[in-house]
Student: 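Sharing a structure below in structure tokens format, with a few things to ask.
Note that the structure is a prediction, hence the values are computed from the model and not measured. As the structure lists them, so they are numbered: ligands from 1, and atoms in each ligand from 1.
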Amino acid sequence: MRAYDVILKKRDGHELSKEEIGFMVNGFVKGEIPDYQMAAFLMAVYFRHMNAEERYNLTEVMARSGDTIDLSFIPGVKVDKHSTGGVGDKTTLVLAPMVASCGLPVAKMSGRGLGHTGGTVDKLESIPGFRTALSEEEFKKCVKEHLIAVVGQTANLAPADKKIYALRDVTATVDEISLISSSIMSKKLAAGADAIVLDVKVGSGAFMKDISSATDLARAMVDIGKRHGKAMVALITDMDKPLGYTVGNAIEVEEAIETLKGKGPDDLEELCIELGAQMLKLGKISDNLSQAREMLKNSIKSGKALEKMREMIMAQGGDPRVVDDTSLLGISKKTYDLRCESSGYVGGMDAEKIGIASMKLGAGREKKEDVIDLSVGIRLRKKTGDEVKHSDVLCTLYYNSEEKLQEAIKLVKESYKISKSRPKKVEIVHGVVD
Ligand code: URA
């Protein structure tokens with residue numbers, strides 16, 4: 001077999017066999033197929049796409065390229081959750097303790113942030129002492145003893161995806177449904193869960209800007225998972241504005257803790273209840289969604305979810321006092337209030353620009369190797385739908401560098417659209433694909 005022929009076949013729109021896909025992926029990982037041929041192959045896929053069988057095979061080959069995690073030591077159904085990435089998305093920080101406190105084990109591998117989207121692992125590292133790099137034994141011990149562990153992906157989880165993603169990132173081939181769905185699902189399959197709840201974001205801060213493409217992505221991932229024998233549900237959720245009122249790292253952990261105390265923003269709490277209810281149902285903790293929702297609401301009301309957060313922090317070496325005293329998270333003391341220059345309503349927000357502004361402050365990475373500043377970020381004071389008067393504070397920026405602050409201010413200013421009339425309220429969950 002020759003890489004040239006496989007590229008040509010896809011370029012001309014034909015279906016590839018499992019052997020051809022395996023040949024390209026494995027050859028690339030071993031260094032036998034050079035970057036320029038893999039880049040041409042990815043561009044051919046970008047324009048010609050892959051059908052369901054090809055996507056299944058691509059996922060399978062990438063999932064098997066490295067370690068696979070064996071979660072069979074945990075009794076019952078193992079349920080994972082994945083978000084396609086957004087701005088201010090601290091869902092895992094709230095959801096994991098909520099569902100674990102209801103009796104569902106959470107053995108979660110999360111990622112770091114890249115570009116305008118944040119990552120759970122970075123956020124957790126703003127808790128003093130918190131370790132996200134546990135050994136496999138430590139990870140298993142945490143889940144066994146506490147029903148919860150949230151860690152970074154092991155270096156050898158789906159290495160083919162890692163190498164291909166790095167090439168996609170520099171060849172404008174990230175945003176194609178076959179490539180995104182197989183990339184995400186290869187890591188989920190390697191991580192060993194029996195059931196997966198997907199949070200597919202749609203809107204200005206998401207990969208998918210409209211509901212139809214978000215639904216196509218959700219269907220592609222649900223289909224790949226089902227073909228691999230996994231129970232699957234995807235929620236299509238709003239990312240036209242940041243989730244909650246904070247964007248950054250330490251500042252998002254603070255909001256997550258407040259949410260576990262019952263004092264969080266409505267959109268974040270509602271999303272956690274909806275995703276959590278699907279998880280409890282797939283995990284057979286509850287046989288219907290309304291009962292599952294009640295269990296989750298009660299986990300907050302009773303304080304059980306907050307205690308589970310404290311337990312997780314302690315088990316992973318972090319300082320549990322942050323739960324009672326969030327000033328220990330070290331959010332920057334330097335603040336700048338951005339004020340509104342007219343009156344009316346926040347008619348819309350460009351969530352991606354807010355994410356980029358947070359990245360410019362230092363909270364995110366432009367390149368994988370960048371070192372981030374966990375103490376900076378943005379606290380929104382007004383969001384889409386809120387009434388605003390001249391001079392009201394739209395948001396507060398937490399910064400450490402004057403130069404970075406100026407860049408961020410410009411982006412945040414551009415991201416707020418002030419209109420004369422109140423925009424229609426948008427529900428957090430747009431739809432369910434199962
Ligand atoms: N997240 C991933 O893990 N892969 C993609 O291709 C896009 C988002």
Side-chain angles (χ1 to χ4, degrees), residues 21 24-25 28-29 38-39 41-43 45-47 49-50 54-56 58-63 65-67 69 80-87 89 91-92 108-122 151-193 196-209 213-225 228 232 234-237 239 351-352 355 359 364-368:
I21 292 170
M24 289 304 294
V25 172
F28 179 58
V29 173
M38 195 61 182
F41 173 74
L42 292 169
M43 194 54 88
V45 173
Y46 185 90
F47 282 112
H49 313 294
M50 283 183 155
E54 291 172 296
R55 289 197 290 252
Y56 165 79
L58 177 58
T59 310
E60 170 88 1
V61 172
M62 293 200 295
S65 65
D67 299 341
I69 312 292
D80 201 351
K81 166 255 167 193
H82 182 83
S83 154
T84 56
V87 179
D89 185 7
T91 310
T92 295
K108 177 120 188 67
M109 293 205 169
S110 289
R112 294 196 181 273
L114 188 62
H116 72 280
T117 63
T120 303
V121 169
D122 296 323
V151 298
Q153 280 157 12
T154 62
N156 203 34
L157 194 88
D161 170 65
K162 232 174 247 152
K163 197 165 174 199
I164 293 172
Y165 191 91
L167 193 57
R168 287 168 58 206
D169 206 24
V170 291
T171 55
T173 51
V174 168
D175 53 340
E176 195 281 327
I177 283 175
S178 315
L179 297 174
I180 300 177
S181 57
S182 56
S183 163
I184 292 175
M185 290 305 294
S186 66
K187 288 170 288 206
K188 292 288 112 185
L189 294 177
I196 301 161
V197 175
L198 299 167
D199 179 6
V200 180
K201 305 282 188 198
V202 59
S204 61
F207 270 117
M208 298 295 143
K209 305 291 182 200
S213 47
T215 307
D216 288 346
L217 176 62
R219 285 213 184 98
M221 291 195 286
V222 165
D223 178 74
I224 291 170
H228 280 90
M232 301 289 302
L235 299 190
I236 315 286
T237 75
M239 188 34 73
E352 184 169 354
M359 181 186 81
R365 297 179 184 80
E366 270 175 85
K367 300 185 296 313
K368 256 197 177 140

Student: With a 4.5 Å cut-off on side-chain heavy atoms, are Val45 and Glu54 touching?
Tutor: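 No, too far: nothing below the 4.5 Å cut-off.
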Student: Less than 4.5 Å apart, any side-chain heavy atom of Tyr56 and any of His228?
Tutor: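 Tyr56 vs His228: side chains touch.
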Student: Okay, side chain of Lys201, backbone of Thr237: is any donor-acceptor separation there less than 3.5 Å?
Tutor: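 Not confirmed, Lys201 side chain does not pair with Thr237 backbone.
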Student: What does the 4.0 Å heavy-atom contact list look like for ligand 1?
Tutor: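 Close residues (ligand 1, cut-off 4.0 Å): Tyr165, Arg168, Ile180, Ser183, Ile184, Lys187, Phe207.
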Student: For a 4.5 angstrom cut-off between non-hydrogen side-chain atoms, does Val174 reach Leu179?
Tutor: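 Answer no - side chains too far apart.
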Student: Between Arg55 and Met50, is there a donor-acceptor pair closer than 3.5 Å when you use the side chain of the first and the backbone of the second?
Tutor: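 Present.
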Student: If only side-chain N and O atoms count, and only distance matters, is there a donor-acceptor pair under 3.5 Å linking Asp89 with Ser83?
Tutor: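 Yes, a side-chain donor-acceptor pair sits under 3.5 Å.
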